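Presented below is the structure to which this report refers.
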Amino acid sequence: MNYPGDIQIAEYNYPLPDERIAKFPLKERDKCKLLIYKDKQISETIFSNIGTLLPDDGLMVVNNTKVIPARLEFFTQNGARIEIFCLEPHTPADYDTNFAAKDTCQWRCLAGNLKRWKDFNLTRTLPCANGETVLTAEKIEVEGGEIIAKFSWTGGYSFSEIIDAAGSIPIPPYLNRKAEESDSVDYQTVYSHYKGSVAAPTAGLHFSPELLKSLKTKIDELTLHVGAGTFKPVKTETIGEHEMHREFFAVNKDVIEDLIKYEGKITAVGTTSVRTLESLYWIGAKLAISDTCTHLSQWECYQMQPDLSLKDSLSNILKVMERNGSTVYKASTGIMIAPGYRYKVVNNIITNFHQPESTLLLLVSAAVGNAWKDIYKYALDNDFRFLSYGDGCFLQVD
């Protein structure tokens, strides 16, 4: 594969009027519109018909991450409002261990109105299951535009309980509205289980429990915790200058075995599932020459160019897991999937319509080539709703 760093991001722009951005979801999740790109033809149906596009003997992979109420509001003694946006755990670094902490933990955060937060701690009284507790936020260090914040509390509550009591759901900034109570349900997939994301894997929002039960294709789950970087715009002229965000994922052994079994018939729900599945191939390729691999960096896949089959690559991961006695493979990825990338795992993508000049649009273009322009023009001309709460599309990887 050729290094795509010279691609001009301006080539991936299109007009998106604000009125085409869905501010709220439909009342029935699976009744949104579904654009179909299959056999290089564009058509449409409603999302509840997605089962007709999935092979009965195929595999569909979903991301079961759960969005946390990551926005924490504090006030100084002078009344200045400070918002702390939790990005990812710092100490302990493991998500499960951090959420289970009973008295203190640290997070990498963004802080709104940071200049008003001087050398003092912020406190807030929270109502909890057995009374009240005081949550304290201490600014440990500042790293560029981010901070490391130490949270402490009493009462024996887990940090998971604390953040549920203190925080609000971080809906996307392009919705241009405050989070409402309905977002705590609407902005979660019905199969969300593991807390850690600050943005939803929105392609999965279209699935209802009834629709999932009706599907004949096998459904597997993985976990990738979506970071705020998913909204990070490409502000550089070429994509080679853009720094991709890192995201953590975990995949069970039986899922990796299924990827080998269902090769050629794999559908990924959402760009986060795509990034995880494709990263697994390249991690397996790295393990062919290394004993361990816990991170895939932004451009590595364009530099490696291996000729491994999917089975051989993923078998390398399984061997490492067997050697370590583990049933879950945990790693992180910063992969940039852009035009010129050749998909190794995913055959079909279920996704939403993405922002202009975004890395997510680049990922779509890598799957369908210049047809993305026709797909998005069709969507704009036929009243499709865009972005997180908008309509969906089914893309066959060319």
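Since the structure is predicted, the reported quantities are computational estimates derived from the model, not experimental observations. The residues of the chain are indexed from 1 along the displayed sequence.
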Which residues pass the salt bridge (charged side-chain N to carboxylate O under 4.0 Å, His left out) test with [X], sequence neighbours left out?
X	result
K218	D220, D258
K33	E44
E180	none
R81	E73, E83

Begin from the C-alpha positions of S48 and D30 and carry the test side chain to side chain donor-acceptor pair (under 3.5 Å) through to its verdict. CA-CA 5 Å; S48 57; D30 57 9; 5.3 Å; no
Quick one: list whatever passes side chain to side chain contact (heavy atoms under 4.5 Å, CB included) with K377, sequence neighbours left out.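 Counting only residues at least two positions away or on another chain, K377 forms a side chain to side chain contact (heavy atoms under 4.5 Å, CB included) with D381.
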Is there a side-chain contact between [X] and [Y], using heavy atoms and a 4.5 Å cut-off?
X	Y	value
E221	V255	no
T76	K118	no
W153	L126	no
I147	L114	yes
L308	N316	yes
N176	D18	yes

On the 0 to 90° scale, with breaks at 30° and 60°, tag the [X]-[Y] ring pair as parallel, tilted or perpendicular.
X	Y	value
Y341	Y302	perpendicular
Y376	F386	perpendicular
W107	Y95	perpendicular

Within a 6.0 Å radius of atom [atom1] on [X], are there more than 12 heavy atoms belonging to other residues, nucleotides or ligands?
X	atom1	result
E237	CD	no
E241	CD	yes
Y194	OH	no
E181	CD	no
Q8	CD	yes
R177	CZ	yes

Over all heavy atoms of both residues, which pair between A338 and I239 is shortest? Give the atoms and the distance, please.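 Closest heavy-atom pair between A338 and I239: CB-CD1, 3.7 Å.
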When you measure from the side chain of [X] to the backbone N and O of [Y], does any donor-acceptor pair fall under 3.5 Å?
X	Y	result
N98	A93	no
T104	F151	yes
Q188	V67	yes
Q298	M336	no

Is K178 salt-bridged to D183, going by a charged N under 4.0 Å from an acidic O?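 No.
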Pairs flagged by ring-ring contact (aromatic ring centres under 6.0 Å, His included) wherever residues 50-74 is involved - sequence neighbours left out: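 Every candidate ring-ring contact (aromatic ring centres under 6.0 Å, His included) pair involving residues 50-74 fails, so no pair, neighbours aside, qualifies.
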Please list all pairs passing the ring-ring contact (aromatic ring centres under 6.0 Å, His included) test where one or both residues lie in residues 248-267, with sequence neighbours left out.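 For residues 248-267, and leaving out neighbouring residues, there are no ring-ring contact (aromatic ring centres under 6.0 Å, His included) pairs at all.
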Taking only residues two or more places apart in sequence, or in another chain, which ones meet E161 in a side-chain hydrogen bond (donor to acceptor under 3.5 Å, both in side chains)?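 Here the qualifying residues are S158.
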Which residues pass the side-chain hydrogen bond (donor to acceptor under 3.5 Å, both in side chains) test with D57, sequence neighbours left out?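 Counting only residues at least two positions away or on another chain, D57 forms a side-chain hydrogen bond (donor to acceptor under 3.5 Å, both in side chains) with K265.
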One pair to check against side chain to side chain donor-acceptor pair (under 3.5 Å): H225 and T65. What are the steps and the verdict? CA-CA 6 Å; H225 292 312; T65 187; 2.8 Å; yes
How would you list all residue pairs meeting side-chain hydrogen bond (donor to acceptor under 3.5 Å, both in side chains) that involve residues 136-148, not counting sequence neighbours?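 Of all non-adjacent pairs touching residues 136-148, those that pass side-chain hydrogen bond (donor to acceptor under 3.5 Å, both in side chains) are R108-E146.
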Other cluster members, I148 - Ile/Leu/Val/Met/Phe/Trp/Tyr, side-chain contacts below 4.5 Å: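 Listed partners: I140.
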Can you list the other members of the hydrophobic cluster that holds F207, where links are side-chain heavy atoms under 4.5 angstrom apart?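 Members other than F207 - counting any ILVMFWY side chain reachable under 4.5 Å - are L34, I36, F47, I50, L53, L54, M60, V62, V190, Y191, L211, L212, L215, I219, V269, I350, F394.
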D6 and T238 side chains, donor-acceptor separation under 3.5 Å: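 No.
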Ignoring hydrogens and angles, state whether a donor on the side chain of S332 or H295 is under 3.5 Å from an acceptor on the partner side chain.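 Result is yes, a qualifying pair exists.
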